[in-house]
Amino acid sequence: MNRYNFKLIEEKWQSFWKKNKTFSTRVDKNKKKFYCLEMFPYPSGKIHMGHVRNYTIGDVLSRYKIQKGFNVLHPMGWDSFGMPAENAAKLNNLDPKIWTEDNISIMKSQLEKLGLSIDWDREISTCSPAYYKHQQKFFLDLYDKGLVYRKENYVNWDPIDKTVLANEQVINGKGWRSGAPVERKKLNQWFFNINKFADDLLNDLKDLEKWPAKVKTMQRNWIGKSFGCELDFEIKGNPKVTKIKCFTTRPDTLFGMSFLALSIDHPVAEFYKDDKDFDLFKKNCSKTGTTEESIAQAEKLGFKTNLTAINPLDKSKEVPVYFANFVLMDYGFGAVFGCPAHDQRDLDFALKYNLKINTVVRPIDEDTNFKVDKIAYTGPGVIFNSKFLDELKVPEESILSTIQILEKKKIGKKKINFRLKDWGVSRQRYWGCPIPMAYDNNNEIKKVPIEQLPIKLPENINLNVNGNPLDHQEDWKKIIIDGQECNLETDTLDTFVDSSWYFLRFCSPKNESEGFNIDDVNYWMPVDQYIGGVEHAILHLLYSRFFTKALAYQNKKFPVSEPFYGLFTQGMVCHETYKFENEWLNPNDVISENGKDFYLKTNSKKKVVVGPSESMSKSKKNTIDPEIMIKNFGADSVRFFILSDSPPEKDVQWSDQGMLASFKFTQKFWSLNVELKEKLKKITKEKFPQNKIDDDMSTFTNQIIKKITFNLENFHYNVLIANFHEIYNFLNKIKNSEILNTENFKENYIKILIVMNPVLPHLISECLADLNIKDTSFWPEIDEKYLEEKSVNIVIQINGKKRDLINCDKDISEDELFKKINKNTDLKKYFINKKIIKKIYVKNKIINLILK
RNA sequence: GCCCUCGUGGUGAAAUUGGUAGACACAAAGGACUUAAAAUCCUUGCCGCUUGCGGAGUGCCAGUUCGAGUCUGGCCGAGGGCACCA
């Protein structure tokens, strides 16, 4: 039998697509566009199974849309700035650029072997000056619009490496490389004013109908809009401090106030900087744990000041002012009033420092004796013990009414606060996009003029220095602006900036004068389907949404407000983990006969500990190399397997048996095709009269096309694979019947091959070429006539239980069906001594008889 | 602590709107073909009574309905997100 030589055939089609530029796209206003984008990879070295899954999902969709007649944009590029390159370069004493470019060429060839329908003419790389030149222009554009500013902010500072660490590089309060305790240090940093768009970013979520609800919820929580008011407290005890401003969502509990708490970073702390006790207190605060969880559960700590605050609604009441470890400086005003009865944190604090607990809200079914002691009451009810606020309903009346009273008295005003923080984009790193800013002799900020862009990174420099390598580049730092000598900014941009507009660049990847051409963007944007991991649910997706809005801000020609119309988040690829004597082992190094017990490959008597299946990662060594799989089984089989076992939005288990089964499928489908092809050669031109089996073929074909279309449209790719098995099983069953001699069979067979093409493009292209079909870019129409079934199986239920299945003509009447039931001998026993009291008949589906 | 999602055979999973639960596959067992093996094909969800048939059955408990994997309420379990956000 003719064995399927995947290597030969896959290479043949890949070079055919490359030579013919099959997937090159151009703006064509006569065609409907479809922009399919997968999150572009970081060029870390080699592709992993996660990439294979991500890009296979996108490729199936792209090919399907091409066949449906869309003008499809399906580009690929490289998110090529970032720390791994810098770290690898330091370690091996080479240039990050070379390391990155080598990786890109390896990964590109790997992706090409997967047979992806990518327009490689649009390939971009964020580390190339041709790309980041435009990013620098956008930075200046945003600066001109007032969306970029510079301010002092705390950073995680590693005192040994003398460098700033990202939050995720701080492990248990220590630097991930040096192990030194991380310090908080104030640095001048560049910020994007993302808060300016907080409301838009929140409100526009409701238009993103094709986004997973989960991602939208996560973004909503992250933005964290809350409604309340700001109010001023008069302060006694220090003539220099007369007022402290607080934000609250519960002004209605003001009569329950028993203290005022400030963040240790609050400006008032200035007056205590020489106080040794306060210093000790600050140190205690920073000591209480480092993980976020332990911070949240940490004991409440306070430092009592000599200040008192006056309750603005009852000036006869004075309360103590504390510094407290649970008050955050970067939310609200870094100061809160404490109402222990109706806030658990305040209650914990009050119990520790023996402060009053004034209950001012009672549940509706409690009387005025209601009193809070150990658990704060935060539910609905009515206000009491609050003079003129008494009897207001909580929360629907009380909050707004109180705000109105405060506004009238000019003590406070309505205020909306966001949890979202402005985006700090400064990184004290070499391998990133230089910020096009400079400082003159007076340290005044100077923009680098557009004509002087790009500011290119210096090459071949020494990276093994303390701090930011760019700081040491004295020659590079010097720049003349307007005839004045200035020093360049040495911070580079967060790499999330690079990925915040790459989808726009793909529309005009070669344009030298602009980041993108407005006509191109108007045609291609928004991305119709964006596909990637859920780990980017917040940062990357929120930043991209912000950046798009920021570019559109004050720019009437740029009408895009949301970059991604549809979003799909795929699950991870998992594999069991193996350990021997506390060392992780790669699946290649273990062996098993029954799939349960595993042994060392080098010593089959040493048993290996099998751990739970987890996301593939280098650190746990539970990875499967896609390149080896493609080499052993072919790209089509790998594509087929990666889609087969689980719905794409869920995690999938890698399974060697599954991979093998997919390989067998492509092999046996090919063999079947060879058999069928021989028979199809014998077809005479004239059409045979339609017979029963001929009709079966038409019915099957149209039904399966309908299912496949539905499953493609809805990302039910695992069910799609099941449909492929159904196709094989059906064709294999009828392959020896006489219908193979009909033209009708051939027409249907071609339709079936065509709808399998998006998943198995090499195999199917070859099968179709054998039948002289060269152009695969069409999608068969469904002939509804074959979907109408002439007979149906009707379920017979008695008292709600299925008792039989009766085959009837379609649209049989209830009376006729009932006659059939009466004739049925199997059902007779159920009717003995029983009366039918009710019949429910759902046409062509089911009849339920209620007997008594 | 708050928010979200999900619980279906030995396993991964199907089941557009409430209407045949377990499609399709993996594994295991049995069988066919074969001198034998490989490959291929067929049968098997569970519990009863040796065919056939009956019973229970989609995490647990209730409810709505002629009818619930699907809808409602409560509970249990798993996973994810946020985490002192005033």
Side-chain angles (χ1 to χ4, degrees), chain A residues 1 212-222 224-226 228 246-251 253 261 263 288 291-300 324-328 330-339 342-346 348-349 417-421 534-535 537-538 594-596 641 644-647 649-653 655-662 664-665 667-668 671 707 710-711 713-714 716 718-729 732 793-805 826 829 837-842 844-850:
Chain A
M1 186 151 321
K214 182 172 76 170
V215 174
K216 287 191 277 188
T217 308
M218 283 162 70
Q219 293 215 351
R220 238 173 244 126
N221 293 340
W222 188 263
K225 182 177 183 173
S226 52
C246 291
F247 172 74
T248 178
T249 55
R250 293 299 303 274
T253 62
S263 159
T288 51
T291 66
E292 277 164 345
E293 197 193 349
S294 69
I295 291 166
Q297 283 161 6
E299 197 186 6
K300 305 283 174 282
N325 63 342
F326 64 91
V327 183
L328 308 170
D330 52 7
Y331 184 79
F333 301 99
V336 292
F337 81 79
C339 174
H342 306 292
D343 183 298
Q344 192 59 46
R345 291 158 305 174
D346 295 349
D348 295 344
F349 191 80
N417 232 333
F418 293 95
R419 221 188 65 112
L420 182 70
K421 292 178 183 96
V534 73
E535 65 273 18
I538 298 171
N594 59 5
K596 275 182 194 160
F641 170 68
S644 68
D645 270 9
S646 297
E649 68 275 13
K650 281 177 63 175
D651 287 355
V652 66
Q653 298 289 324
S655 124
D656 291 338
Q657 284 98 342
M659 182 62 248
L660 198 63
S662 297
K664 282 182 189 164
F665 179 87
Q667 286 291 337
K668 68 186 186 182
S671 306
K707 283 193 211 172
F710 176 82
N711 290 327
E713 291 283 351
N714 294 286
H716 296 167
N718 55 327
V719 192
L720 180 72
I721 298 301
N723 296 149
F724 283 26
H725 285 289
E726 284 177 57
I727 288 173
Y728 175 83
N729 293 343
N732 193 46
N793 287 326
I794 292 179
V795 179
I796 314 303
Q797 280 190 346
I798 289 168
N799 290 333
K801 273 186 187 154
K802 178 187 157 196
R803 292 300 178 189
D804 208 350
L805 207 58
D826 288 344
K829 60 187 171 196
I837 54 169
K838 198 168 180 183
K839 288 184 221 165
I840 299 104
Y841 175 48
V842 181
N844 298 327
K845 271 196 176 155
I846 196 165
I847 185 164
N848 192 2
L849 303 172
I850 309 304

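The sequence lines fix the lettering, A, B, ..., with proteins before strands; numbering per chain opens at 1.
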When you get a sec, tell me which of [options] is the closest nucleotide to the side chain of [X]?
X	options	answer
A/Thr217	B/rA25, B/rA86, B/rC3	B/rC3
A/Lys801	B/rA25, B/rA56, B/rC85	B/rA56
A/Ser226	B/rG19, B/rU40, B/rA86	B/rA86
A/Asn793	B/rU20, B/rA86, B/rC82	B/rU20

Stem segments of RNA chain B by first residue number [Watson-Crick or G-U, under 3.5 Å, at least 3]: B:1-7 with B:76-82, B:10-12 with B:24-26, B:28-32 with B:40-44, B:46-49 with B:52-55, B:59-63 with B:71-75

A/Asn723: partners by side-chain hydrogen bond (donor to acceptor under 3.5 Å, both in side chains), with sequence neighbours left out: A/Asn711, A/Glu726

So which protein N/O to nucleotides 64-67 of chain B N/O distances come out below 3.5 Å?
residue	atom	partner	partner atom	Å
B/rC66	O2'	A/Asn848	ND2	3.1
B/rC66	O2	A/Asn848	ND2	2.8

At under 4.0 Å between heavy atoms, which parts of nucleotides 6-16 of chain B does protein reach? Answer with one letter per nucleotide, 5' to 3': B base, S sugar-phosphate only, - none. ------SSS-B

Listed by chain and number, what are the side chain to side chain contact (heavy atoms under 4.5 Å, CB included) partners of A/Lys838, not counting sequence neighbours? A/Ile840, A/Ile850

Which residues share a side chain to side chain contact (heavy atoms under 4.5 Å, CB included) with A/Arg250, sequence neighbours left out: A/Thr248, A/Asp252, A/Thr253, A/Val361, A/Val394, A/Ile399

Mind checking if A/Val534 touches a base, just sugar-phosphate, or nothing, with heavy atoms under 4.0 Å? nothing

Inter-nucleotide C1' distance (B/rG9, B/rC46), Å rounded: 8 Å

